[in-house]
Amino acid sequence: MKSPALSPLVKACLLACAALSSTALLAQSKQPDSLERVVVTGSHIKRSLTETSQPVTVLGREDIQMTGSMTLSGFLGTLTNNDGSALSELSGANAWASGASGISLRHLGAGGTLVLVNGRRMPSYGFADGLQLNFTNIDAIPANVVERVEVLKDGASAIYGSDAIGGVVNIITRRNITGLALNLAATQNADHSFLNKTRTGSLTGGYGSMDAQGFNVYGHVELYQRDGYKDSDIRPLLPEWYLLQNPTRKDQSTGSFPGNYVGRYPANYSDPALAGKRINQAAPGCAPELLRDGLCWYDYWKDSDALPPSERITALAGGRLKLSNDWTAYAEFQGADIKTDYHTALPRSNVNGVALNWYDSIKGEMQSFVDPQLPVGHASNPFSFPIGLNYRFTDHPDMFKNVGASTQYRLLGGVEGVWGDWDVDAALGLMRSRASQRQHLYRDRYAYYDAIVSGEYKFGQQNPRALLEKMFPEMGSDGEYKQQFVDLRASRELLRLGDKPVMLALGAELRHEEFWHRSMDNILQARIVQFSGVSIDGERDQVSAFGELAVPLGQSLELSAALRGDKDLDGFGAVTPKFSLAWRPVSELLVRGTLTQGFRAPSLPETGNGGASWFNNGYVDPKRCNTAKQMEAILKTGNAGDKVLASTARALGCEVSFPAAVTPNPDLKPEHSNNLSAGFVWQATRELSLAADYYHIKRRDEIGTRDVDRVLADEDRLSGLVQRGALTALDQDIAARIKELSGQTLGFAVGPIKTIGAQYQNQNRSKVSGVDADLRGKWRTVIGQFEAGAELAYLISQHGWDQVGNKYSQNYAGWRGVPRVAAAVRLGFKQDRWSVGARIAHTKGTRLAWGYLDSQNTEEGCEGRDVPAGGCAVPSTTRTTLWAKVDPTKNLSLSLNIFNLWGQKTATQHMPNTALPLDGRVLKLGMEWRL
């Protein structure tokens with residue numbers, strides 16, 4: 001296979017690295033005995049950072065402060081290895097795991113990235129991402145107490161077990177804290193004051209000296225608050241290109257207050273001139289300023305959040321007590337309470353005759369509901385036949401929001417010390433995470449129908465909230481993850497080969513996990529229209545044992561080997577080995593390589609009891625989309641009502657939604673990976689180092705369901721997976737209107753998709769390869785210390801699995817969402833009482849399409865949409881952050897960050913549903929007071 005050409009940026013970075021790195025491992029390698037040996041991420045053997053044969057990046061407090069990140073998830077988002085594909089609480093209104101954020105390294109997802117705090121696991125979030133993956137909510141970890149972040153860019157299942165396929169992020173918090181420290185910070189957009197408004201504050205305190213008093217206790221509490229803003233607030237800020245691609249951003253809705261009558265006069269109506277004619281007219285009482293072209297309009301964008309407001313309280317506390325000269329006891333508590341409000345558009349009636357479909361999770365049957373028309377004699381029906389009313393329920397706007405909330409804690413205690421020749425660390429702990437989601441938005445099929453037909457609901461008036469709460473009852477779900485564990489780790493020098501030690505580490509762990517996620521009863525009883533439910537529970541006991549050996553092979557070569565066995569006492573088992581070599585041919589150069597296997601245990605949602613169903617939103621239906629676009633073009637030539645119908649017609653074929661049901665599979669086996677990495681660290685002087693590593697990861701037995709786009713593209717070959725209904729009344733009504741407008745006979749050849757069925761299977765594979773480089777330098781001069789650094793993540797290839805062709809998919813590197821290059825450069829200078837720095841981050845542009853199945857955004861699709869030449873791409877982005885800090889006194893520090901220093905705007909993207917283009921210059925002010 002031909003290697004991809006290197007971009008000019010990559011060439012420049014590599015040439016710069018080569019030029020600068022004439023100075024790389026020497027400072028540390030010349031003084032190995034002066035370096036403290038610690039347990040470095042990726043090993044249970046104590047060693048200095050310069051001795052590791054694995055690619056570990058260590059980012060300290062200053063690195064975190066330079067990014068200006070208010071939260072840990074914000075900081076981790078700046079890592080060049082973080083591909084950004086994991087769930088984010090910023091866009092979680094419709095996610096099953098709303099209110100949480102994960103991290104994904106090397107495009108392997110949150111399920112392939114392990115997050116640790118002080119070397120041990122955190123509780124998984126109370127909801128599973130996509131109802132499938134248990135993951136760590138990094139929003140629950142306080143940021144201001146972090147001492148450093150160690151990122152292992154290699155597989156480590158032989159050390160840590162499940163999930164450590166693509167890498168490990170180990171959050172190391174401060175300890176042995178004394179005194180008090182208060183931190184305050186706030187951000188705000190420099191151009192539009194209501195954007196980017198966040199505030200954070202933390203209080204850290206500690207007492208006691210391990211050396212003088214034999215103990216230390218500490219505590220840290222952190223508060224975070226983010227202001228939200230509405231979609232209507234940002235409408236004036238949206239550039240014309242974005243509105244052109246997302247025309248509904250300017251639209252108002254005919255689902256309004258007091259509404260619009262829709263329907264047709266009966267074919268046998270007494271007035272022949274009206275018989276069979278379409279009705280689309282405003283109901284009485286519409287405010288004059290809302291009347292246009294005979295219809296009543298409503299701005300539904302004023303009710304929904306463009307950014308949801310959020311509040312978090314996170315905490316960390318602990319203590320250490322010296323039991324003797326050799327033994328220390330420790331305890332640690334971590335907790336979080338998080339709430340995020342997602343305000344949504346107010347509900348409206350759906351009187352177009354289209355059946356709303358969803359899945360009954362208990363009966364295992366599809367359900368349908370058609371909005372009732374107003375019967376003859378209804379107080380709001382002026383006609384002599386049933387009529388539909390497009391109506392917006394504006395009675396109590398504050399009702400309609402989706403509230404995602406979660407609490408979690410981790411409590412552990414242990415002892416560490418020396419027993420004979422062994423360094424021992426043993427701990428036991430318990431942890432729990434609970435999550436809930438609540439909203440009033442979807443209708444109760446019975447209460448809603450009765451209130452409309454009986455006339456209990458008074459259209460055009462403000463009805464009692466109690467009635468609205470019957471029609472749109474509180475609904476949602478709850479989930480919980482619990483774990484108890486006990487572990488033991490021990491390491492020692494086994495023997496010496498010459499003057500080099502042979503090191504051995506052994507350990508074992510016993511873990512009990514429980515998880516449940518259950519929708520409220522009204523959802524499971526299929527009362528809530530078009531909202532599918534989930535009822536999953538499971539538990540398991542796992543035992544693991546591991547060993548690690550570091551063997552010097554002469555003066556310049558070291559072999560490390562590790563082996564770990566994990567066993568679910570009632571299910572899967574996995575044995576994962578790891579081998580690595582570190583060769584130092586000269587003192588300035590370390591050459592390293594690793595060969596390992598990784599695994600991800602099937603999650604409890606994937607193997608437990610019960611099942612789930614969800615909605616697939618915004619898909620292209622290959623059998624209806626082309627017809628839908630033709631319909632749209634014709635309807636746009638009609639009146640105002642036809643133009644509204646044009647958007648509906650397009651959505652019926654090109655942005656379709658439908659439910660899918662999936663069931664757990666107790667026979668799943670673990671996902672496995674083969675990982676290869678090879679690279680070097682070069683440090684010819686004390687001041688400058690360069691590390692570069694190649695990686696190649698192949699994952700097999702991936703758990704999932706069939707890809708929806710591929711199923712739809714191969715519907716005729718995959719008989720039975722796609723279920724379709726008959727042509728709807730709306731389908732037929734649109735075809736009739738097109739006949740009236742153009743004289744053409746144009747309609748859908750098949751009905752809409754009703755559902756796609758699935759079960760979790762070990763059915764996928766993937767592979768990814770790339771190069772990481774990290775350049776760092778520090779120079780002390782008579783005027784102060786200069787610092788510089790550069791990070792580069794270059795993606796060579798990323799392949800998924802073609803389930804129909806039973807082969808690897810195309811190389812997705814360079815397609816939308818999978819940029820080939822992510823790079824960052826850091827520059828800094830500091831004196832005793834002040835420092836300044838800058839960080840320049842660059843992400844290379846991609847194609848506009850996410851793959852060849854994205855026919856709307858390939859070169860041919862762009863041509864068909866009249867995208868200008870060169871516009872069928874996502875442009876590159878480069879953003880600069882400036883940082884400054886000053887210490888007016890020994891107890892006070894003030895800091896300033898300017899994000900997007902040059903005020904660059906979001907580049908044009910010729911496709912709908914991209915991220916809101918609200919780039920602007922953002923300021924952050926911070927203060928730390930110490931006592």
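Note that these values count all heavy atoms, side chains included, but never hydrogens, waters or copies made by symmetry. Remember, predicted model here, so these are calculated numbers, not experimental data.
The CZ atom of Arg839 sits 11.5 Å away from atom CG of Leu827, with the distance rounded to the nearest 0.5 Å. Going from atom CD of Glu62 over to atom OG1 of Thr67 covers 12.0 Å, rounded to the nearest 0.5 Å. A distance of 7.5 Å separates CG of Leu510 from CG of Leu569, quoted to the nearest 0.5 Å. Separating the CG atom in Asp425 from the CG atom in Asp487 is a distance of 7.0 Å, to the nearest 0.5 Å. Atom CG of Asp667 sits about 15.5 Å away from atom OH of Tyr760, to the nearest 0.5 Å. Atoms CZ and CZ, from Arg584 and Arg592 in turn, are 10.5 Å apart once rounded to the nearest 0.5 Å.
Under a 4.0 Å N-O distance rule, the pair Arg700/Glu671 does not qualify as a salt bridge. Under the 4.0 Å criterion applied to side-chain N and carboxylate O atoms, Arg120 and Glu332 are not assigned as salt-bridge partners. In this structure, Arg492 pairs ionically with Asp421, as a charged nitrogen and a carboxylate oxygen lie closer than 4.0 Å. Ion pairing between a basic and an acidic side chain is recognised when a charged N comes within 4.0 Å of a carboxylate O; Glu687 and Lys778 show no such pairing. Ion pair Asp423/Arg489 not flagged as a salt bridge, since none of the NZ, NE, NH1 or NH2 atoms sits closer than 4.0 Å to an Asp/Glu carboxylate oxygen. Arg61 and Asp63 are not joined by a salt bridge, as no carboxylate oxygen comes within less than 4.0 angstrom of a charged side-chain nitrogen.
Taking the six-membered ring where the residue is Trp, the centroids of Phe546 and His44 are separated by under 6.0 Å.
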Practice prompt. Run the numbers on Ser766 and Glu702 for side chain to side chain donor-acceptor pair (under 3.5 Å), then give the verdict.
Written response: CA-CA 8 Å; Ser766 62; Glu702 288 185 54; 2.4 Å; yes
Practice prompt. Begin from the C-alpha positions of Ile103 and Val169 and carry the test side chain to side chain contact (heavy atoms under 4.5 Å, CB included) through to its verdict.
Written response: CA-CA 9 Å; Ile103 181 173; Val169 177; 3.9 Å; yes
Fill in: Derivation of the side chain to side chain contact (heavy atoms under 4.5 Å, CB included) call for Leu549 and Leu494
CA-CA 9 Å; Leu549 197 63; Leu494 193 61; 4.3 Å; yes
Worksheet item: Run the side chain to side chain donor-acceptor pair (under 3.5 Å) check on Asn134 and Ser124 step by step: do they pass?
Response: CA-CA 6 Å; Asn134 292 123; Ser124 294; 4.8 Å; no
Discussion item. Before you tell me yes or no, could you show the steps for Val502 and Arg496 under side chain to side chain contact (heavy atoms under 4.5 Å, CB included), namely the whole-Å CA-CA distance, both residues' side-chain angles and the distance that decides it to 0.1 Å?
Written reply: CA-CA 6 Å; Val502 176; Arg496 300 187 74 84; over 6 Å; no
Item to complete: Begin with the C-alpha distance, continue with both residues' side-chain angles, and end with the deciding distance and a verdict on side chain to side chain contact (heavy atoms under 4.5 Å, CB included) for Thr113 and Phe135.
Response: CA-CA 9 Å; Thr113 304; Phe135 69 101; over 6 Å; no
Item to complete: Report the C-alpha separation of Tyr481 and Glu513 in whole Å, then their side-chain angles, then the decisive distance to 0.1 Å, and conclude whether the side chain to side chain donor-acceptor pair (under 3.5 Å) test is met.
Response: CA-CA 7 Å; Tyr481 173 89; Glu513 293 178 283; 2.6 Å; yes
Worksheet entry | Chi angles and distances behind the side chain to side chain donor-acceptor pair (under 3.5 Å) call for Ser104, Asp83 | CA-CA 6 Å; Ser104 168; Asp83 57 71; 2.7 Å; yes
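Between His672 and Asp701, the side chains place no donor N or O within less than 3.5 Å of an acceptor N or O (distance only, hydrogens not considered). No side-chain donor-acceptor contact under 3.5 Å links Gln597 and Ser673. Side-chain atoms of Asp499 and Gln555 form a donor-acceptor pair, as typed in the model, at a separation below 3.5 Å. Judged purely by distance below 3.5 Å, without hydrogens or angles, the side chains of Thr57 and Lys153 pair a donor atom with an acceptor atom. Asn81 and Asp772 share a donor-acceptor pair across their side chains, judged by distance under 3.5 Å alone. Asp139 and Ser73 share a donor-acceptor pair across their side chains, judged by distance under 3.5 Å alone.
Across Ile796 and Ala813, no two heavy atoms sit closer than the pair O-CB, 3.9 Å. Closest approach of Arg564 and Ser157 over heavy atoms only: CD-O, 3.2 Å. Between Val424 and Ala490 the shortest heavy-atom distance is CG2-CB, 4.2 Å. Closest heavy-atom contact between Leu87 and Asp129: CB-OD2, 3.9 Å. Residues Pro142 and Leu316 approach most closely at CG-CB, 4.2 Å, considering heavy atoms. Of all heavy-atom pairs between Thr80 and Ala793, the closest is O-CB, 3.5 Å.
Applying side-chain contact (heavy atoms from CB on, under 4.5 Å) to Gln483 and the options Gln542, Arg511, His512 leaves one that passes, Arg511.
Qualifying salt bridge (Lys or Arg N to Asp or Glu O under 4.0 Å) partners for Lys567, counting only residues two or more places apart in sequence or in other chains: none. Partners of Trp801 by ring-ring contact (aromatic ring centres under 6.0 Å, His included), not counting sequence neighbours, listed by chain and number: Tyr808.
The cationic atom of Arg121 (NZ for Lys, CZ for Arg) does not lie both less than 6.0 Å from the six-membered ring centre of Phe485 and within 45° of the ring axis.
Heavy atoms of other residues, nucleotides or ligands lying less than 6.0 angstrom from CH2 of Trp583 number 12 at most.
The backbone N or O of Gly573 lies less than 3.5 Å from no partner atom in the side chain of Lys669, so there is not a single donor-acceptor pair. At distances below 3.5 Å, not a single donor-acceptor pair connects side-chain atoms of Asn665 with backbone N or O atoms of Glu606. Between the Glu493 side chain and the Met503 main chain, no donor and acceptor come within less than 3.5 Å of each other.
Below 30°, between 30° and 60°, or above 60°: for Tyr694 and His696 the angle between ring planes is below 30°, a parallel geometry.
Side-chain atoms of Leu795 and Pro819, non-hydrogen and from C-beta on, never get closer than 4.5 Å to each other. Leu108 has its side chain out of reach of Gln798: every pair of non-hydrogen atoms, C-beta onward, lies at least 4.5 Å apart.
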